[in-house]
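Positions are given from 1 along the sequence.
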Amino acid sequence: MREQLTEHDVDKIKEEIEYRKLVVRKEAIEAVKEARAHGDLSENFEYHAAKKDKNRNESRIRYLERMLKTARIVEDTSKEDEVGLNNMVEIYFEEDDETDVFKLVTSIRGNSLDGKISIESPLGKAILKKHVGDRVTVKVSDDYSYHVVIRSIRKTTDDENDKIRSY
């Protein structure tokens, strides 16, 4: 699957890769060396924990590098009155009779618990390029869908505080 990323996402991913290679990798190697020096490796918890941390770091580096190789760069091409990437959108959920505010972001920054909805999620796909007042059907599966109404749109940009998601 090709990840949709903004230029800002790509920069943040490159920063994380560099940090993991230059800082975390060195610390992990040192931790493994130090734990190995404690003796019997078969019952050495510190050694196994250090190896696990080292492997987790290497796995994250590979994951991010693979993501960059296959990514598709996206930009906000929405008009002023349309829902677009990085916009704050107030949505009324008819089924629940509730209103929530979400920021529409790329999937690498999506975190519904933090109010960030991915443009690749069912809700994100449904509201993208829609207007205030539009009643939109959000198709979750072949068997289930629900309706939302877009109450307001506030244009924003990439935020330095938007973190890329860990695994």
Per-pair distances, 0.1 Å, donor-acceptor, side chain in residues 21-28, under 3.5 Å, sequence neighbours excluded:
| unit_1 | atom_1 | unit_2 | atom_2 | d |
| --- | --- | --- | --- | --- |
| Lys21 | NZ | Glu65 | OE2 | 2.7 |
| Arg25 | NE | Glu58 | OE2 | 2.8 |
| Arg25 | NH2 | Glu58 | OE1 | 2.9 |

Side chains of Lys12 and Glu16 in contact at under 4.5 Å (non-hydrogen atoms)
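No. Closest side-chain heavy atoms not under 4.5 Å.
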Check whether any side-chain heavy atom of His131 sits under 4.5 Å from a side-chain heavy atom of Ile150, and report yes or no.
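A side-chain contact under 4.5 Å is absent here.
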With sequence neighbours left out, what residues match [X] under salt bridge (charged side-chain N to carboxylate O under 4.0 Å, His left out)?
X	value
Arg66	none
Asp143	none
Lys52	none
Asp53	Arg56

Connected via hydrophobic side-chain network under 4.5 Å: [X] and [Y]:
X	Y	result
Val89	Phe93	yes
Val149	Met88	no
Ile17	Tyr19	no
Ile73	Val105	no
Val140	Ile91	yes

Are there over 12 heavy-atom neighbours, none belonging to Phe45, within less than 6.0 Å of that residue's CZ?
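Incorrect, the count does not exceed 12.
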Shortest non-hydrogen contact between Leu5 and Ala71, atoms and distance:
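The pair with the smallest heavy-atom distance is CD1-CB, 3.4 Å.
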What is the minimum heavy-atom distance between Val74 and Gln4, and which atoms define it?
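Looking at all heavy atoms of both residues, the closest pair is CG1-OE1, 3.4 Å.
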Find the distance between [atom1] ([X]) and [atom2] ([Y]) and round it off to the nearest 0.5 Å.
X	Y	atom1	atom2	value
Met67	Glu3	CE	CD	4.5 Å
Ser118	Ile108	OG	CD1	10.0 Å
Ser121	Phe102	OG	CZ	9.0 Å
Glu34	Ile29	CD	CD1	14.0 Å
Asp9	Ser107	CG	OG	8.0 Å
Leu128	Ser78	CG	OG	7.5 Å

Please check this pair: side chain of [X] against backbone of [Y], looking for a donor-acceptor N/O pair closer than 3.5 Å.
X	Y	value
Glu82	Lys79	yes
Asp134	Val136	no
Lys54	Glu30	no

Do you know which of Val148, Ile117, Ile119 makes side chain to side chain contact (heavy atoms under 4.5 Å, CB included) with Ile127?
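Only one of Val148, Ile117, Ile119 forms a side chain to side chain contact (heavy atoms under 4.5 Å, CB included) with Ile127, namely Val148.
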Checking side-chain contact (heavy atoms from CB on, under 4.5 Å) for the pair His147/Val138: CA distance, chi angles, key distance, verdict?
CA-CA 6 Å; His147 298 284; Val138 179; over 6 Å; no
Quick one, Val132 with Asp81, criterion side-chain contact (heavy atoms from CB on, under 4.5 Å). Give me CA distance, side-chain angles, the key distance, then yes/no.
CA-CA 7 Å; Val132 172; Asp81 63 341; over 6 Å; no
Tell me, which pairs form a salt bridge (charged side-chain N to carboxylate O under 4.0 Å, His left out) where one or both residues lie in residues 88-102, sequence neighbours left out?
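Passing the test, one end in residues 88-102: Glu94-Arg135.
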Cation over ring face, Arg36 and Tyr47, 6.0 Å, 45°:
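Judged by the rule, Arg36 and Tyr47 form no cation-pi pair.
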I would like to know whether Asn87 and Lys155 meet side chain to side chain donor-acceptor pair (under 3.5 Å); could you show each step before the answer?
CA-CA 5 Å; Asn87 293 167; Lys155 294 290 185 178; 3.2 Å; yes
